[in-house]
Structures are given as C-alpha cells and as structure tokens.
Amino acid sequence: MKQIIFLEVFDGEKSVFAFRKCKKTAVDFYIIYSLTKVSWQILKESVTLEELRSIFEYISAKPKIYSHWKIILAVGCACGAFCCLFGGNIYEIICTAFCAMSGKFFQIKLLQHKVNEYFAITFAAFISTTCAYFYPPVPSLKPMIACSLFLVPGVPIINAVVDAINKFFLKSLVEFFRTFCIVLSMTVGIIFSVEFSSRLRYLYFGDFLLMDTAPDLNIFWLSLAGAICAIGFAIPMNIPKKFLLTVGILGASTIFLRNLLCLNVGLNLESSTFVTAFFIGHLAIVISQRLNLVSSILVVPPLLPMLPGVIIYRFLFACEKIEEMDVEELTFIFDKGIDILQIIFSIVIGANLLRLIGQKKFDN
C-alpha cells in the first residue's frame with residue numbers, strides 16, 4: 001500500500017507544489033526524533049538548503065539502531081509479558097516468547113527478500129501459532145493467544161482514530177484499511193495454523209473463547225510485565241536508546257494504574273482504561289514538551305499494553321468458527337466485539353482529550 005505526501009512551499013508571493021510516493025509505512029521513532037531536532041535547529045538558526053539536504057541524507061542513510069536479533073528478542077519478551085498480563089504461568093510465558101521469536105524471525109527474513117508485507121504477516125502468524133500448538137508437551141491455549149500479538153496493528157489503529165477525530169478523514173480511511181488488511185492477514189495465518197494443527201492434535205476451542213484471562217500475580221509483577229511489554233514493542237519502532245527507560249516507567253505506570261482502578265476502586269475495564277490513558281498519555285506529552293520531542297515517541301509505546309489484542313484475537317477466531325458455537329459462546333463473543341471498540345476509543349480519546357479540547361478552543 002503506497003501513500004502520497006503532498007508538500008506546499010509559500011514565500012508570500014507564489015506557491016510551489018510537490019508530490020512524492022511513500023512506499024514504506026513502518027514507524028521509525030529515530031527518524032521522527034531526528035526530524036524534530038532539525039526543526040528546532042531551523043527555528044534557532046538559519047540553515048541553507050544544501051545543509052538541510054545533507055542532514056536528510058545522513059538521517060535516511062543511518063542504519064537501524066537495533067539489529068534484527070535484538071528486535072526478535074524484544075518481540076519475544078513483549079509477547080511473553082503479554083502472556084503474563086492475562087494469567088500465564090512461567091512455563092507458558094517462556095513458550096510464548098519462543099514462539100513469538102520464531103514468527104518474527106520468518107517475518108523479517110521474508111521482508112528482506114521483498115515478499116509482500118501482508119503475506120509475511122500471514123506466514124509469521126502461521127509459524128507462531130503452529131509452534132505454540134506443538135511446543136508444549138501438554139497443550140496450552142494461552143501461548144497460542146499471545147504468541148502472535150506482536151502482529152496486532154496497534155499504531156495504525158491509534159493513528160486511524162486520531163485522524164478521524166481531527167477530521168483528516170481521507171488519511172483515517174487509509175489507516176483503517178491498512179489496519180483491516182493487517183488484521184485479516186494475521187487472522188488467515190492463525191486459521192490456517194489451527195486447521196492444519198488440529199488434524200494432528202485436538203483441542204476444544206470453546207474453552208479458548210470462554211477461558212479466564214485474569215492474572216493471579218500481584219500488581220507489582222504485572223507492572224514489571226507492562227514495562228517489558230512497552231519496551232519490547234518500542235524497540236522494533238527504532239526508538240532511541242536513551243528513551244527506553246522512560247518508556248518502561250510509563251508502561252509500568254500504565255498497567256499499575258489500570259489494575260489499581262479495576263481491582264481496588266471497582267471501575268470497569270473501559271472506564272479504568274480511559275482514566276489511565278488520560279493520565280499516562282498527558283504525562284508523556286508533558287515530558288515530551290520538556291525534552292522538545294514529538295509526543296508520539298513517549299505516548300504510543302506505554303499505551304500499547306492496554307490494546308485489546310486478546311479480545312481481537314478471540315473475536316476474529318470466533319467469526320471463523322461461528323457455525324460451531326452455541327448460544328452462550330455467541331453472546332460472549334458479541335459482547336467482546338463491543339468491548340474492542342470501547343477500549344480502543346477509551347485509549348485514543350483519553351490520551352488526546354486535553355489536546356482535542358484545546359484545539360477546539362483555539363479554533364473558536
């Protein structure tokens with residue numbers, strides 16, 4: 001999927017227009033950070049066009065901060081932390097990490113060979129889920145849920161809703177369609193894996209749809225898992241190393257506050273997610289302003305552990321198995337579909353509420 005970048009330069013008398021194709025849509029926080037530094041440099045001192053050209057060439061030519069093996073390890077740790085967040089034991093966490101690393105390895109290799117992005121996602125989901133199906137001596141459903149969550153398009157989902165709220169409808173539609181394609185590719189890979197593997201090893205997936213995912217660890221261990229999850233998902237986005245600790249602290253604070261509101265205050269999941277996104281999102285924005293950063297570098301990774309990846313997984317799998325479910329399972333999965341929308345909007349609106357209010361006031 002290609003996007004078009006439109007640029008207009010106006011000097012007070014005439015305008016110059018330019019269009020460029022954007023072939024890559026992956027998130028790269030290092031490039032965002034570097035361009036932010038350049039913007040501040042332009043504001044503070046005069047920079048010639050030749051100097052800007054050399055700076056941009058240097059930024060584009062700079063290799064990734066993290067090697068492929070570091071990214072694979074980070075993804076494994078993040079998915080293992082996700083398994084911990086919904087009740088996995090230590091054996092299930094290790095199994096999840098191993099299977100996620102296997103899927104990420106093949107995804108990277110396919111992309112290196114210029115294979116279509118969506119086919120790479122499908123194959124990665126197939127490998128991860130199949131490994132989780134056969135790796136444990138005793139079948140366990142939780143690794144099967146968590147091992148492919150690194151493919152859930154958290155950033156496109158957030159961007160699509162933010163663009164829609166800010167009235168960038170065309171860009172929002174592009175992001176929604178991209179999100180749909182990623183989720184569809186992921187689902188196809190998982191379904192192929194289940195259909196293939198279930199012929200060799202039987203599991204009853206009604207238990208999967210109704211399985212309890214409430215963690216039994218204390219809130220501090222869950223906060224540590226949230227920190228690992230936030231850092232693990234930030235590394236594939238090529239975040240500068242000096243921000244990893246900040247992202248980890250914000251990720252731990254996210255899970256701590258949400259669980260505190262759910263378990264101790266008694267708020268439901270949607271309300272606690274909204275309050276947490278409001279507090280953590282705007283705390284990250286304040287820190288970003290102090291550091292002269294684009295806020296997305298510190299806002300997005302800490303909020304990703306709250307995305308309803310497990311619920312999305314269950315809902316899509318249930319849509320494929322809908323003819324095999326009874327009334328109780330159908331009712332349960334319909335409720336989960338509604339929960340997906342409520343949680344996503346709670347995260348996005350909570351994290352951007354003050355900015356939206358301020359923007360409306362400014363427009364008036």
Side-chain angles (χ1 to χ4, degrees), residues 66 69-105 107 124-125 128-129 131-132 135-136 140-155 158 186 211-237 239 241 243-260 262-263 269 272-273 276-277 280 284 298-314 343 347:
Y66 307 97
W69 285 110
K70 289 180 180 178
I71 292 174
I72 291 170
L73 180 62
V75 164
C77 292
C79 290
F82 248 128
C83 183
C84 176
L85 289 176
F86 57 84
N89 56 42
I90 185 63
Y91 179 79
E92 291 170 329
I93 292 171
I94 295 173
C95 175
T96 300
F98 171 80
C99 298
M101 291 170 64
S102 301
K104 187 64 178 179
F105 172 81
Q107 183 189 20
S128 297
T129 308
C131 288
Y135 176 68
S140 178
L141 291 172
K142 290 180 181 178
M144 292 184 62
I145 302 173
C147 67
S148 57
L149 290 180
F150 68 93
L151 297 169
V152 172
V155 175
I158 294 174
M186 174 184 171
M211 179 177 57
D212 182 21
T213 57
D216 55 1
L217 295 174
N218 65 54
I219 195 170
F220 297 102
W221 284 109
L222 294 176
S223 300
L224 177 60
I228 295 172
C229 193
I231 294 174
F233 285 133
I235 287 176
M237 299 176 193
I239 188 171
K241 293 180 180 178
F243 301 127
L244 286 178
L245 179 60
T246 304
V247 166
I249 293 173
L250 290 173
S253 303
T254 298
I255 298 301
F256 179 86
L257 181 57
R258 188 189 65 175
N259 288 346
L260 184 67
C262 276
L263 303 177
L269 182 59
S272 59
T273 299
T276 301
I280 298 299
L298 298 183
V299 171
V300 173
L303 297 180
L304 291 181
M306 291 199 300
L307 280 175
V310 175
I311 305 177
I312 293 174
Y313 185 110
R314 282 176 161 177
I343 293 173
I347 293 172

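In terms of the side chain to side chain contact (heavy atoms under 4.5 Å, CB included) criterion, residue partners of I249 (sequence neighbours excluded) are, by chain and number, L245, S253. Qualifying side chain to side chain contact (heavy atoms under 4.5 Å, CB included) partners for S272, counting only residues two or more places apart in sequence or in other chains: R258, L261, C262, L267, L269. Remark: F105 engages W69 in a ring pair (Phe, Tyr, Trp, His ring centres under 6.0 Å) (not counting sequence neighbours).
Counting all heavy atoms, side chain and backbone alike, K70 lies closest to I235 at O-CG2, 4.4 Å. Closest approach of P305 to A230, counting heavy atoms only: CG-N, 4.1 Å. When all heavy atoms of A132 and C147 are compared, the pair lying nearest together is CB-SG, 3.9 Å. Nearest heavy atom pair, residue A284 against residue V299, reads CB-CG2, 3.7 Å. In terms of heavy-atom proximity, F233 sits nearest to F150 at CE2-CA, 3.8 Å. Contact between P302 and L250 at its shortest, heavy atoms only, is CG-CB, 3.5 Å.
Distance check: L149 CG to S128 OG gives 10.0 Å after rounding to the nearest 0.5 Å. Taking OG1 of T254 as the start and CG of N259 as the end, the distance is 10.5 Å to the nearest 0.5 Å. Separation of atoms CD1 (I231) and OG1 (T246) is listed at 9.5 Å; rounding is to 0.5 Å. The line from CD1 of I280 to CG of L257 is 6.0 Å long, rounded to the nearest 0.5 Å.
Side chain of Y66 to backbone of I239: a donor-acceptor contact under 3.5 angstrom is found.
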Would you list the atom pairs, donor with acceptor, under 3.5 Å between side chains in residues 81-90 and any protein atom, with sequence neighbours excluded?
unit_1	atom_1	unit_2	atom_2	d
N89	OD1	Y91	N	3.1
N89	OD1	E92	N	2.8

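The residue from L73, I71, V75 that alone fulfils the side chain to side chain contact (heavy atoms under 4.5 Å, CB included) condition with M101 is L73.
The list of side-chain hydrogen bond (donor to acceptor under 3.5 Å, both in side chains) pairs with a residue in residues 93-104, not counting sequence neighbours, reads K104-Q107.
Counting only heavy atoms from C-beta outward, the side chains of M306 and I343 never approach each other to under 4.5 Å.
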### Task
Verify side chain to side chain contact (heavy atoms under 4.5 Å, CB included) between M237 and L304, making sure each step is shown before the conclusion.
CA-CA 12 Å; M237 299 176 193; L304 291 181; 3.5 Å; yes

